[in-house]
S.K.: 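The structure's right below; bear with me while I get my questions together.
Positions are given from 1 along the sequence. Scope of the values below: all heavy atoms of this structure, side chains included, with no hydrogens, waters or symmetry mates. Because the structure is a prediction, the values reported are computed rather than measured.
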Amino acid sequence: MNSDFLSSLIFSVNVTLPTLLLLLIGMVLRRRQFLDDAFCEKATRLIFNLTLPLLLFFNVYDSKIDYADQLPLIIVAFLGTTFLFVSAEIFAGKFIAEKRERCTFVQSVFRGNNGILGLAFCVNAYGNAAFAPASIYSAVLIFLYNIYGVITITRSLSSTKVRFSAVFFNILKNPLIIGIVSGLAMNFFAVPLPEAVVSIGHHLANITLPLALICTGATINFKTMGRGSRVISWGVIGRLIVAPAVMIAISRLFGISGMELGIVLLMTTTPLAAATYAMVRGMGGNGVTVANIIGITTIGSAFASSLGLIILSQLGWL
């Protein structure tokens, strides 16, 4: 084993091991009955509505941002996600006979849990330097996830047409979008904040990733994994193999390398977003299929991220 491969392996392990350990802690705490569904549900609401928006806000507010440097990442996020969405819709229309399963597969391909696991991977890999570009990249993805998610669910599970005005209004109300956009605005105009506000904000923001990962681990149910149709297999392959390959290819076309390419990889090899379960089940879709894909990709994302980092490092792209 040469030294370059060994260093790549050590780097990939250092990125994914902290996340895996926190997921494992959540599994153990759930098994020992320290955590239950009610706690995880309330904690998730707290994270989504308060601590994660604060984390994203301070990520960009505290950073020195060269907005021109972020443009390639923004373009890649838009083009790559759009390509994955359209391709998955075409594939689902041709090969998935049961219409109500199509939206689950489509979202598995383009929609990842970048706000929590993706950000955790990026911070583990690159430290504070990754906060600003990862947050901006995440903001673009959140916009697209909401739009494309509503479109595919409506096409699969509803007889009504998509109301884009309602979709846009819901995006504007998204706490994560509010946190990122307000952080960018206050960073750009150099608006000062009282020291006490900054201190409290950072304290709240710092609990986000550990708490979110522990709750994610606590919700993993191995008993339900492996049950269901081939849509599960296709969704897992699309999430952990196809999506990263497409996003890396598009990134390379735009000359992206180094930390930025690592961010694209780590954001893309995340599991299917947990919000998909509530959306699909609420519209009458197959919740078992979604839960299976979320569970399998949550475990698989750590290994996919590690393998991707090793490959890109060996190619000299990182």
Side-chain angles (χ1 to χ4, degrees), residues 12-56 59 107-108 111-125 130 134 138 142 145 175-176 202-228 232 235-236 239-240 266-281 287-307 309:
S12 67
V13 170
N14 287 336
V15 171
T16 57
L17 185 59
T19 299
L20 277 175
L21 290 176
L22 283 169
L23 291 173
L24 180 61
I25 289 172
M27 295 179 198
V28 172
L29 291 176
R30 175 62 182 265
R31 188 175 182 84
R32 298 294 299 274
Q33 298 183 345
F34 285 103
L35 301 179
D36 57 16
D37 287 334
F39 174 86
C40 291
E41 183 179 349
K42 291 177 180 178
T44 300
R45 287 209 306 266
L46 175 68
I47 291 165
F48 181 77
N49 289 291
L50 178 63
T51 68
L52 184 53
L54 283 172
L55 177 64
L56 296 172
N59 284 352
Q107 291 191 89
S108 298
R111 188 170 196 164
N113 188 353
N114 59 288
I116 295 174
L117 283 173
L119 195 59
F121 284 151
C122 291
V123 172
N124 290 338
S138 179
I142 292 169
Y145 288 170
L176 308 186
H202 278 124
H203 283 312
L204 289 170
N206 288 338
I207 72 172
T208 300
L209 295 181
L211 180 60
L213 292 171
I214 288 171
C215 288
T216 300
T219 58
I220 293 174
N221 187 352
F222 289 102
K223 293 180 181 179
T224 63
M225 291 187 189
R227 302 176 189 172
I232 295 172
V236 171
R239 180 73 247 137
L240 298 180
L266 295 170
M267 285 287 187
T268 310
T269 51
T270 53
L272 174 62
T276 308
Y277 179 82
M279 292 176 67
V280 171
R281 189 172 180 181
V288 174
T289 301
V290 182
N292 269 274
I293 296 174
I294 291 174
I296 295 170
T297 54
T298 297
I299 300 300
S301 64
F303 299 99
S305 299
S306 296
L307 181 60
L309 289 171

S.K.: Short question: side chain of Thr270, backbone of Asn113 - any donor-acceptor pair under 3.5 Å?
M.R.: yes
S.K.: Nearest 0.5 Å please: distance from the CG atom of Leu54 over to the CG atom of Asn49.
M.R.: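 Between atom CG of Leu54 and atom CG of Asn49 there are 11.0 Å.
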S.K.: Would Ile296 and Ile232 count as a side chain to side chain contact (heavy atoms under 4.5 Å, CB included) here? Give the steps.
M.R.: CA-CA 9 Å; Ile296 295 170; Ile232 295 172; 3.9 Å; yes
S.K.: Please say which of Leu46, Ile47, Thr44 ends up in a side-chain contact (heavy atoms from CB on, under 4.5 Å) with Leu52.
M.R.: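 Running side-chain contact (heavy atoms from CB on, under 4.5 Å) over Leu46, Ile47, Thr44 with Leu52 returns exactly one hit, Ile47.
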S.K.: Would you check if Leu119 and Ser138 make a side-chain contact, meaning some heavy-atom pair closer than 4.5 Å?
M.R.: no
S.K.: Please round to the nearest 0.5 Å and tell me the distance separating atom CZ of Arg31 and atom CG of Leu24.
M.R.: 11.5 Å
S.K.: Output the distance between atom CG (Asp37) and atom CZ (Arg30), rounded to the nearest 0.5 Å.
M.R.: 4.0 Å
S.K.: Shortest non-hydrogen contact from Ala304 to Leu240?
M.R.: CB-O, 4.0 Å
S.K.: For a quick test of reading the model, state the closest non-hydrogen atom pair linking Leu55 to Leu209 and the distance between them.
M.R.: CD2-CG, 4.1 Å
S.K.: Which heavy-atom pair separates Leu272 from Arg239 by the least distance, and what is that distance?
M.R.: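 It is N-CD, 3.7 Å.
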S.K.: Look up atom OG1 in Thr297 and atom CG in Asn292, then write down how far apart they are to the nearest 0.5 Å.
M.R.: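 Going from OG1 on Thr297 over to CG on Asn292, the span is 10.0 Å.
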S.K.: Specify the closest pair of heavy atoms between Thr16 and Ser306, including all atoms of both residues, with the distance to one decimal.
M.R.: OG1-OG, 3.0 Å
S.K.: Can you check whether Asn14 reaches Asn124 side chain to side chain, under 4.5 Å on heavy atoms?
M.R.: no
S.K.: Has the side chain of Ser305 got a donor or acceptor atom that lies under 3.5 Å from a matching backbone atom of Leu266?
M.R.: no
S.K.: Would you find more than 12 non-hydrogen atoms of other residues, nucleotides or ligands less than 6.0 Å from His203 atom NE2?
M.R.: no
S.K.: Rounded to the nearest 0.5 Å, what separates atom CG in Leu213 from atom OG1 in Thr208?
M.R.: 10.5 Å
S.K.: Closest heavy-atom contact between Cys215 and Phe39?
M.R.: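 Minimum heavy-atom contact is SG-CE2, 4.1 Å.
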S.K.: Ignoring hydrogens, what is the shortest heavy-atom contact between Ala218 and Cys40? Give both atom names and the distance.
M.R.: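 Minimum heavy-atom separation between Ala218 and Cys40: CB-SG, 3.7 Å.
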S.K.: Measure the spacing between OG1 of Thr276 and CD1 of Ile293 and express it to the nearest 0.5 Å.
M.R.: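 So the OG1 of Thr276 and the CD1 of Ile293 are separated by 9.0 Å.
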